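Structure first, commentary second.
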2 protein chains.
Amino acid sequence: MQSTPSVPDEFPTSDPSSYRSFVLDLLGIMAYGELSAFERLSSDARFSPALADRVILGGRAVAEFSHYELIAAQLESMEANVAETMRPFMAAVDAFHDRTRPADWYESIMKAYVLDAISGDFYRALARHLDPQTQRIVAEVQVSEDQSTVLMNRLKEALMDNPRLASRLALWGRRLVGEALTQAQRVGIERSFLAGLISPSGTPGPDPVGKLFADLTREHSRRMNLLGLTA
Amino acid sequence: MQSTPSVPDEFPTSDPSSYRSFVLDLLGIMAYGELSAFERLSSDARFSPALADRVILGGRAVAEFSHYELIAAQLESMEANVAETMRPFMAAVDAFHDRTRPADWYESIMKAYVLDAISGDFYRALARHLDPQTQRIVAEVQVSEDQSTVLMNRLKEALMDNPRLASRLALWGRRLVGEALTQAQRVGIERSFLAGLISPSGTPGPDPVGKLFADLTREHSRRMNLLGLTA
């Protein structure tokens, strides 16, 4: 396998080394995100209301670990040091998790449901102008429809006839998305990470970053509506 | 697949329903043991000294979850309710973990190393007189040699030139094995679980349960010696 993918025409710069560092940043934040999601979800699983629910969250955690392994293998094939590539993103991801500790199992599955979806949208947007191999990894790391449906159905079931839980989880969903977008923006600025959004012509349209965040928010609202919650 | 395996000749009783309940007990305690090991190990992973070490413990945790899934599938094929089958063993397994909370990552991998081995020996001994299908599940649930070697090498590396850690981990190993045997004995008595050790002729030899515990202890000492520790 090639150790550095060639710069696709659609990317704003043709410099191979800045392209490589952009790809490494994207894979690094994804890898650390998956590894820490695995650890957090599996720790939360123990506090599930029923044994069957522990298995739902555990299975989801295991899927995150296999995503981590997929990204790590790609980084190794690019001759990058996996730990070094993740390191710049540890503080931001850890801070995000510390600020969004689920109070119980319901908040925990809500967090999994909301975050897997929004981070998937975010990574896909960043990968839009990247080489096919990187795009393939980003696509594979997405949680499958089936898995999301399991969480969504379990959440719907819990919310049915429980307006108190519904209002708590609606609030929780807003907090999660707020913290996620704040961290995404911070990391994006620190690592010039959002450069990949700018179109190659140099005419990025009115405001590509603003547009991304608006898209993410809109998709999040749509998913909350699926649960019968107001975003 | 058959929903109840037929009673093998070597089993002390020929009554199918007591044989079934013995097999369900064995699979139930194994399933809950794997599920809770998964949750504990993956939670501990986060406190690893280095990113690469988090991945070692995470990978081990994921292996435990796949063992859980294997046993659950077997229980389902026997038309047993997985959660109900695990329930009688929850208190004992949880109590064991509460009494053996690792103080740090080293104690955590030591716990994985010690416990996977001793519980493997225990389950194998109980399965000795069981039907081939149950024996196959017990064999598949064993942690592979490779995985144990990874932990052992990582422990050896940590212990090298660190006599203080060596004496702490030697003590910890003794505590782990003591607690594990205590719980095994308690569960064995409560659930008449050790009946499977008695040979079919009804002449179990001098003391089959005592012999099992002596074997478990001897094997544990051998593994401690491999690490250069006194058991």
Side-chain angles (χ1 to χ4, degrees), chain A residues 28-29 31-73 75-76 80-91 93-98 101-102 105 108 112, chain B residues 28-29 31-73 75-76 80-91 93-98 101-102 105 108 112:
Chain A
I29 191 171
Y32 190 70
E34 297 289 335
L35 183 62
S36 57
F38 158 72
E39 292 164 355
R40 305 279 175 156
L41 279 180
S42 48
S43 319
D44 294 345
R46 197 143 55 88
F47 306 104
S48 306
L51 264 170
D53 292 323
R54 285 166 69 164
V55 176
I56 292 182
L57 218 48
R60 172 59 70 106
V62 168
E64 317 269 14
F65 193 80
S66 74
H67 294 159
Y68 162 80
E69 288 182 312
L70 191 73
I71 306 164
L75 284 169
E76 276 161 10
N81 177 305
V82 181
E84 291 313 313
T85 312
M86 294 195 286
R87 200 172 310 282
F89 306 104
M90 286 178 69
V93 173
D94 288 348
F96 170 78
H97 284 299
D98 287 339
R101 279 182 203 276
W105 184 82
S108 196
Chain B
I29 191 171
Y32 190 70
E34 297 289 335
L35 183 61
S36 57
F38 158 72
E39 292 164 356
R40 304 279 175 157
L41 280 180
S42 48
S43 318
D44 294 345
R46 196 144 54 88
F47 306 103
S48 305
L51 264 170
D53 292 323
R54 285 166 70 165
V55 176
I56 292 182
L57 218 48
R60 171 58 70 108
V62 167
E64 317 269 14
F65 193 80
S66 74
H67 294 158
Y68 162 79
E69 288 183 313
L70 191 73
I71 305 163
L75 285 168
E76 276 160 11
N81 177 304
V82 181
E84 291 313 314
T85 312
M86 293 195 287
R87 201 172 310 282
F89 306 104
M90 286 178 69
V93 173
D94 288 348
F96 170 77
H97 284 299
D98 287 339
R101 278 182 205 277
W105 185 82
S108 195

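Chain letters run A, B, ... following the sequence lines, proteins first and then strands; every chain starts at 1. Treat the numbers as computed from the prediction; the structure is a model and nothing was measured.
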So how far is it from A:Glu39 CD to B:Leu57 CG, rounded to the nearest 0.5 Å?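 Here the interatomic distance stands at 9.0 Å.
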Could you look at A:Ala61 and say if it's the side chain, the backbone, both or neither that has a heavy atom under 4.5 Å from chain B? side chain
Over all heavy atoms of both residues, which pair between A:Phe38 and B:Ser42 is shortest? Give the atoms and the distance, please. CZ-CB, 3.5 Å
Heavy-atom pair count under 4.5 Å with chain A, highest-scoring of [options]:
options	value
B:Val62, B:Asp94, B:Asp44	B:Val62
B:Gly59, B:Ser66, B:Ser36, B:Ala72	B:Gly59
B:Ala83, B:Gly58, B:Ala45	B:Gly58

Chain B-proximal positions within residues 47-55 of chain A [heavy-atom distance under 4.5 Å]: A:Leu51, A:Arg54, A:Val55
